[in-house]
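Reviewing the structure listed below.
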Amino acid sequence: MRTSKFLLSTLKETPAEASIASHQLMLRAGLIRQLASGLYIWLPTGQRVLQKVQNIIREEMDKSGALEINMPVVQPAELWQESGRWEHYGPELCRFNDRKDNNFVLGPTHEEVVTWLSRYEIKSYKQLPINMYQIQTKFRDEVRPRFGVMRGREFVMKDSYSFHLNKESLRETYELMYDTYCRIFDRLGLTYRPVEADTGSIGGSHSHEFQVLADAGEDIIAFSTESDYAANIEMAEAVAPAESRKAPSKALEKISTPNAKTIEEVAKFLNVSEKELCKSLVVHGFNQETGEKELVLLVLRGDHELNEVKAEKVPGIAKPLTMASDEEIKNAFGAAPGSLGPVGFKGRIIVDRTANVCSDFYCGANEDGFHLGGVNWDRDVQNYEVQDLRCVVEGDPSPDGKGTLILKHGIEVGQVFELGTKYSQAMNCTVLNEAGQNIPMEMGCYGIGVTRVIAAAIEQNHDDKGIVWPASMAPFQIAIIPINYNKSEVVRKEADRLYQELTAKGYEVILDDRGERPGVMFADMKLIGVPHSIILGEKSLADGMAEYESRTSDEKVKLPLAEIVANIESQLK
RNA sequence: CGGCGAUUAGCGCAGCCCGGUAGCGCAUCUGGUUUGGGACCAGAGGGUCGCAGGUUCGAACCCUGCAUCGCCGACCA
């Protein structure tokens with residue numbers, strides 16, 4: 001490619017809307033342009049990267065035996081009504097009507113469509129297992145699109161779906177996909193970790209996420225210092241403290257705490273550590289026998305945070321987790337949030353494992369402006385349950401008993417699920433087994449955020465000059481930077497000759513034939529992150545020399561012209 | 001969806017408080033000079049000042065509403 005025939009579209013200044021490195025660099029390097037909130041155009045440079053990532057994914061998926069298909073972006077609402085997700089998916093699912101007033105959705109994912117497909121195509125266990133994938137555009141009307149393509153509304157995803165006669169077969173393919181994903185992310189040159197994950201709204205029983213480690217990541221991952229244990233913080237278990245609760249040593253007392261409402265304020269006012277307080281949160285729940293709505297009080301130690309995913313999984317707590325309104329709280333407790341506590345509360349109380357070993361603690365008195373001190377479980381509060389409710393913090397013991405936990409930010413670039421029969425049962429997707437019985441197929445699903453992978457790669461690989469692509473993703477492998485291309489015939493001839501030679505050998509080369517000043521060319525090629533550069537100048541050429549520069553080092557190496565190609569080829573191997 | 005903020009040339013911004021000729025830097029185009037790390041000189045083009053309404057002799061500026069974009073939070077295969 002010659003720059004004069006290309007749309008380089010680099011920017012010297014950073015557009016104001018971009019806050020993280022990958023977003024800024026994708027705009028500056030001319031990879032993407034924003035069309036509207038969460039919607040992006042992929043410019044030629046970006047499209048080249050996108051295609052490289054897609055090709056790697058496609059190669060590895062094909063190698064794993066998966067079959068590529070292509071499903072429509074637009075899907076009939078009936079399928080979503082069948083699966084039940086028409087009601088449950090919420091406003092993120094973009095719905096619309098066609099001219100005949102039929103309901104449709106823009107596909108945020110394709111479980112329904114692929115299940116419909118299998119229902120018609122798969123009749124016999126002899127056709128199983130089968131794994132079908134596509135690389136395709138998805139649309140999710142995100143509440144808050146941000147960080148460029150990291151969380152766009154429209155994005156490219158590789159999604160695959162496997163169908164099985166039984167759980168053993170599903171587990172085999174799950175493992176195969178897990179390994180395939182490792183190979184894909186290895187080839188993409190990413191630093192990542194597979195971690196145990198929650199299954200979220202897609203449902204299912206068993207799941208791993210593939211997390212690219214980066215400070216800009218929106219997820220938090222817990223790792224063990226001494227074992228392979230790694231889990232999304234949503235899933236990471238806070239094990240029950242080893243020490244047992246101390247016996248009460250103080251009497252219950254009521255303390256006036258004017259204007260102290262938050263844990264921080266109360267701790268400061270009482271001049272005690274936040275660990276000596278317990279915080280009380282009120283959420284919606286329902287009676288498990290009658291189904292009647294009720295408020296549930298969750299109690300955590302003052303310095304801990306509620307893990308909403310864990311709370312939602314407790315039977316009798318509303319899903320999605322909903323905090324009670326101030327009015328509901330006032331009616332049930334006689335006090336506003338900021339002065340709530342378990343003492344005297346008649347409803348259901350769920351206590352976090354760690355809060356449960358607190359003794360002589362402080363909590364709200366259920367009277368505005370007052371807290372209680374010297375509170376003790378059993379003595380002062382009798383009817384409560386104990387659950388794991390909190391987010392783990394650094395230093396907590398690892399759930400596998402080996403080492404302690406550390407926390408890091410991650411970008412979720414892939415996830416694998418064992419779905420089981422959630423969709424096949426709801427949508428009557430069955431197969432005949434050897435005994436001639438119709439049974440619902442076991443399903444798995446496996447996704448990779450293709451566009452997000454690119455942002456994640458840049459988060460991990462950039463410097464102050466621009467993107468430093470992993471070799472497998474770079475839009476071009478080699479840049480030829482001729483100084484005085486438009487004036488010096490010697491330079492122009494050699495640049496053109498090298499360009500032809502390298503292109504003929506199948507390398508992806510960009511020749512900067514704009515005749516720009518050297519600094520401009522150096523800056524642009526670094527910004528878009530071309531891994532290898534050949535610099536041609538009149539003086540060096542007179543001595544039969546050219547210069548080589550790698551994107552990862554600022555040093556230029558002078559080499560005889562005759563060796564320059566062989567030198568680069570050895571590095572590209 | 002809540003809180004905050006922004007919207008003026010392709011990009012980054014000033015002008016608004018205190019109403020009266022719409023500006024700066026970068027980018028673009030022309031000519032010249034220059035050519036080893038985002039040059040210089042001279043000139044040129046480019047604006048419904050987000051939209052609608054109001055106040056006023058007169059609104060980028062004051063007032064009201066709306067829209068869009070962003071940030072923080074909530075949310076999220």
Side-chain angles (χ1 to χ4, degrees), chain A residues 8-20 23-24 27-28 30 33-39 85 88-93 107-112 138-148 150-153 155 157-161 197-204 207-210 218-219 232 234 306 308-309 312 320-323 325 412-417 419 422-423 444-449 452 465-466 481-488 491 512 514-527 533 535-541 546-547 549 554 556 558:
Chain A
L8 213 46
S9 282
T10 52
L11 304 174
K12 208 188 272 190
E13 287 174 289
T14 303
E17 75 260 19
S19 56
I20 64 169
H23 189 193
Q24 292 174 348
L27 292 166
R28 287 228 292 136
R33 289 289 179 263
Q34 177 168 338
L35 179 64
S37 179
L39 304 177
R85 288 208 288 186
H88 291 126
Y89 212 95
E92 198 179 308
L93 180 63
T109 173
H110 279 71
E111 280 81 12
E112 280 79 1
K138 302 279 185 271
F139 186 87
R140 291 181 192 175
D141 199 356
E142 290 281 350
V143 187
R144 188 180 158 206
R146 65 187 133 172
F147 301 147
M150 191 89 87
R151 180 169 298 283
R153 291 195 290 177
F155 58 99
M157 175 171 167
K158 188 289 298 179
D159 47 329
S160 41
Y161 307 88
D198 180 53
T199 51
S201 73
I202 204 160
S207 177
H208 284 87
E209 287 166 352
F210 289 77
E218 298 179 89
D219 291 351
N232 192 305
E234 293 175 342
L306 177 68
E308 300 195 4
V309 171
E312 270 180 5
L321 190 75
T322 313
M323 291 297 195
S325 67
E412 182 198 338
V413 291
Q415 188 163 12
V416 292
F417 297 85
L419 286 176
K422 174 177 167 169
Y423 294 91
C445 79
Y446 321 91
I448 292 178
R452 187 183 278 181
K465 299 204 175 62
I481 301 176
I483 291 159
N484 257 331
Y485 182 87
N486 53 344
K487 295 276 170 68
S488 163
V491 168
D512 202 334
R514 292 176 294 178
E516 277 286 357
R517 297 172 64 82
V520 174
M521 296 189 283
F522 291 137
D524 272 342
M525 291 305 130
K526 289 216 159 138
L527 179 57
S533 295
I535 300 138
L536 301 172
E538 224 165 14
K539 281 181 217 149
S540 315
L541 283 178
E547 286 154 278
E549 186 176 359
D554 278 333
K556 284 197 281 268
K558 254 195 178 174

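Chain A is the first sequence line, chain B the second, and so forth, proteins listed ahead of strands; every chain is numbered from 1. Everything numeric in this text was worked out from a predicted model, so none of it was measured. Below, each value reflects all heavy atoms present in this structure, side chains not excepted, and no hydrogens, waters or symmetry copies.
You'll find the side chain of A/L27 stays beyond 4.5 Å of the side chain of A/T14, heavy atoms only.
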Using the 3.5 Å cut-off, write out each protein N or O paired with an N or O of nucleotides 9-12 of chain B and the distance between them.
from  : atom 1 : to    : atom 2 : distance (Å)
B/C11 : O2     : A/E13 : OE1    : 3.2
B/G12 : OP1    : A/A16 : N      : 2.9

Might you list the N or O atoms of the protein lying below 3.5 Å from N or O atoms in nucleotides 30-34 of chain B, with each pair's distance?
from  : atom 1 : to     : atom 2 : distance (Å)
B/U34 : O2     : A/R517 : NH1    : 2.7

Polar-atom pairs under 3.5 Å, protein N or O versus N or O of nucleotides 42-47 of chain B: list them with distances, or write none.
none

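Distance noted for atom P between B/G23 and B/C16: 15 Å (whole Å).
If you check every strand for non-hydrogen atoms under 4.0 Å, A/Y161 touches nothing. Looking at heavy-atom distances under 4.0 Å, A/E218 makes no contact with the nucleic acid at all. Within the 4.0 angstrom heavy-atom criterion, base atoms lie near A/K526.
Salt bridge A/K526/A/E549: present, at least one basic N to carboxylate O contact under 4.0 Å.
Residues A/E142 and A/G152 share a closest heavy-atom pair of CG-O, 3.7 Å.
When the side-chain nitrogen and oxygen atoms of A/K12 are compared with OP1 and OP2 of B/C26, none of them lie within a distance under 4.0 Å.
Both the sub-6.0 Å distance and the 45° axial angle are satisfied by A/K556 relative to the ring of A/F522.
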